[in-house]
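Worksheet: the structure to be examined is printed underneath.
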Amino acid sequence: MKLSIIVPVYNTQQYLKNCVESILSQPFKDYELLLVNDASSDHSLEAAHALERQDSHITVYDKPHGGLGDTRNFGAQRAQGEYLLFIDSDDWIGEDTLFKVMEPTLKAQADLTVFNFIRENETDSISRLCTLPIHTPTDDAAINEIVLKEQIGPDAGSTPWRSVDMLGCAWRRLYRREWFLQHHLSYPDEQKVMLEDRPVSIMAHFYSKKTLFLDVPLYHYRYNPDSLSTRYRPEKMQKLSCCFQLVESFLKDKNINGKLRDRHMAWYLRNAAHSALVNVFSTGNKRDKRGKKAEIQNILTDPLLKRAAKSRYLCKGTAADRVIYRVISSGSVGLVYTFYRWYADKLRQHTEKQ
């Protein structure tokens, strides 16, 4: 069997059939489809079993709730295919695209294949093709090195890579299963680690001896801007800190932390702390002004953030980098509160227009 497709299922009854049918309709048929139910509280499990009865490619598993990463790990450990593909159950894959990814992957015997995706805006039905700023197809090892570094942290200046969407997502890749298991690639607990697929994607690009980059828009990602702007995550900074620490530990273990330290610290300030401060002003956060200032104070006193603020890496970055760096590194709760209240409002307005 050439391919194992793993679909974690959690409370997505309304989307599951569309996801599965996009797979079953593919001309490429040498695959198994594992629907792994993560203790859904809706009727997702019943929907999965109904689909299983209709097609022999499908096997349904039901497991105790463990989160998205745990569910991916569960599927990978039971898969039998030569390659692994992860698809979230509220997303789908493009018509006739599976063959276009599998054929060159099998021919190259790649450890890892990266493909494009289409972002589907749920609120206005607008689709946008998301690509990498490279010429494809290619298995150039230098490109793989660039992608590894870009996931660890941003470029110091303005480059096309700064606008790449969702570079580290698990579903943007095809993995050779034996290689995946050999290197003990395993997704951490999303209850403790935010962006749980980022460390695994970094490790994958480090270990890969041959990474194939294709221009095929295989994946359709369901984007909901309303959810992004309203959902509040009370432990966001702590969970992003755990993500940073997992990556830092790996970089140290592989003796490459020294040359990538500033880039990684820039990720912590520019991505983790910045995102956590925007989160304070999510409409889902019901704290009053005093409560929000206390939350900002906790973020600014984070030991990792103090380390990141000592790096001058972002001083050579874009205008936005420099502003964010100066605001956060000021350590002023009042300044940070004022800036991020304004920034979050502007971000919501921009999101509503997309």
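Just the heavy atoms: all of them, side chains too, but no hydrogens, waters or symmetry mates, feed the values below. Along the sequence shown, the residues carry numbers beginning at 1.
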field: ring-ring contact (aromatic ring centres under 6.0 Å, His included) contacts in which one or both residues fall within residues 86-131, not counting sequence neighbours
entry: F86-Y175, F86-Y187, W92-H220, F117-W171
message: Counting neighbours of NZ on K254 that are heavy atoms of other residues, nucleotides or ligands and sit closer than 6.0 Å, is the number greater than 12?
response: yes
task: Tell me whether the centres of the aromatic rings in H65 and Y10 are closer together than 6.0 Å.
output: yes
query: Which class fits the ring pair H264 and F244: parallel under 30°, tilted 30 to 60°, perpendicular over 60°?
result: parallel
Side-chain donor-acceptor contact under 3.5 Å, S186 with N73: yes
field: Over 12 non-hydrogen atoms of neighbours within 6.0 angstrom of NZ in K306
entry: no
- request: May I ask you to say whether K2 pairs ionically with E82, meaning some side-chain N is under 4.0 Å from a carboxylate O?
  value: yes
field: Modelled atom types, side-chain donor and acceptor of H49 and E52, under 3.5 Å
entry: yes
field: Check: F28 and L3 side chains under 4.5 Å, non-hydrogen atoms
entry: yes
task: Apply salt bridge (Lys or Arg N to Asp or Glu O under 4.0 Å) to R173 and D197, showing your working.
output: CA-CA 11 Å; R173 292 162 173 79; D197 41 5; over 6 Å; no
field: Side chain proximity check, W267 to C243, heavy atoms < 4.5 angstrom
entry: yes
query: When N37 is tested against each of N11, D62, T71 for side-chain hydrogen bond (donor to acceptor under 3.5 Å, both in side chains), which residue passes?
result: D62
task: Taking all heavy atoms of Q26 and all of S22, pick out the closest pair and write down the distance.
output: NE2-O, 3.0 Å
query: Does atom NZ of K316 have more than 12 heavy-atom neighbours, drawn from other residues, nucleotides or ligands, at distances under 6.0 Å?
result: no
message: Tell me the closest heavy-atom pair linking V327 and Y340, and the distance in Å.
response: CG1-CE1, 4.3 Å
- request: Compare every heavy atom of D30 with every heavy atom of M1, then report the nearest pair and how far apart it is.
  value: CA-OD1, 3.5 Å
Near-ring test H135/F213, centroid separation under 6.0 angstrom: no
field: Contact summary for G66 and D189, nearest pair of heavy atoms
entry: O-OD1, 4.0 Å
F281 and Y337 aromatic ring geometry - parallel, tilted or perpendicular at 30°/60° bounds: perpendicular
field: Residues, nucleotides or ligands: over 12 heavy atoms within 6.0 Å of Q191 CD
entry: yes
message: Just checking R287: does its CZ atom have more than 12 heavy atoms from other residues, nucleotides or ligands closer to it than 6.0 angstrom?
response: yes
- request: List the atom of E46, the atom of D42, and the distance in Å for their closest heavy-atom pair.
  value: OE1-O, 4.0 Å
query: Does the side chain of I58 reach to within under 4.5 Å of the side chain of L24, using non-hydrogen atoms?
result: yes
task: Please tell me if the side chains of D321 and Y313 come closer than 4.5 Å, counting only heavy atoms from C-beta onward.
output: no
task: Could you tell me whether D111 and K210 have a side-chain N and a carboxylate O separated by less than 4.0 Å?
output: no
message: Checking L132 against W161 for the side chain to side chain contact (heavy atoms under 4.5 Å, CB included) test, could you report, in this order, the C-alpha distance in whole Å, the side-chain angles of both residues, the deciding distance, and whether it holds?
response: CA-CA 8 Å; L132 301 180; W161 287 97; 4.1 Å; yes
- request: Please examine the side chains of E32 and L34, heavy atoms only from C-beta on, and report whether any two atoms are closer than 4.5 Å.
  value: yes
query: Does any non-hydrogen side-chain atom of Y31 lie less than 4.5 Å from one of H57?
result: yes
Verdict with reasoning, L246 to V193, per side chain to side chain contact (heavy atoms under 4.5 Å, CB included): CA-CA 9 Å; L246 279 176; V193 180; 3.9 Å; yes
message: Are V247 and R198 packed together at the side-chain level, in the sense that at least one heavy-atom pair is separated by less than 4.5 angstrom?
response: yes
query: What is the minimum heavy-atom distance between I328 and A273, and which atoms define it?
result: CD1-CB, 4.3 Å
message: salt bridge (Lys or Arg N to Asp or Glu O under 4.0 Å) for R72 and D88? Distances and angles first, verdict last.
response: CA-CA 10 Å; R72 288 187 184 130; D88 291 351; 3.4 Å; yes
- request: Please state whether the rings of Y223 and Y221 are parallel, tilted or perpendicular, taking 30° and 60° as the class boundaries.
  value: tilted
query: Cut-off 3.5 Å, side chains only: do N279 and S282 have a donor facing an acceptor?
result: no
field: Side chain proximity check, R172 to N116, heavy atoms < 4.5 angstrom
entry: yes
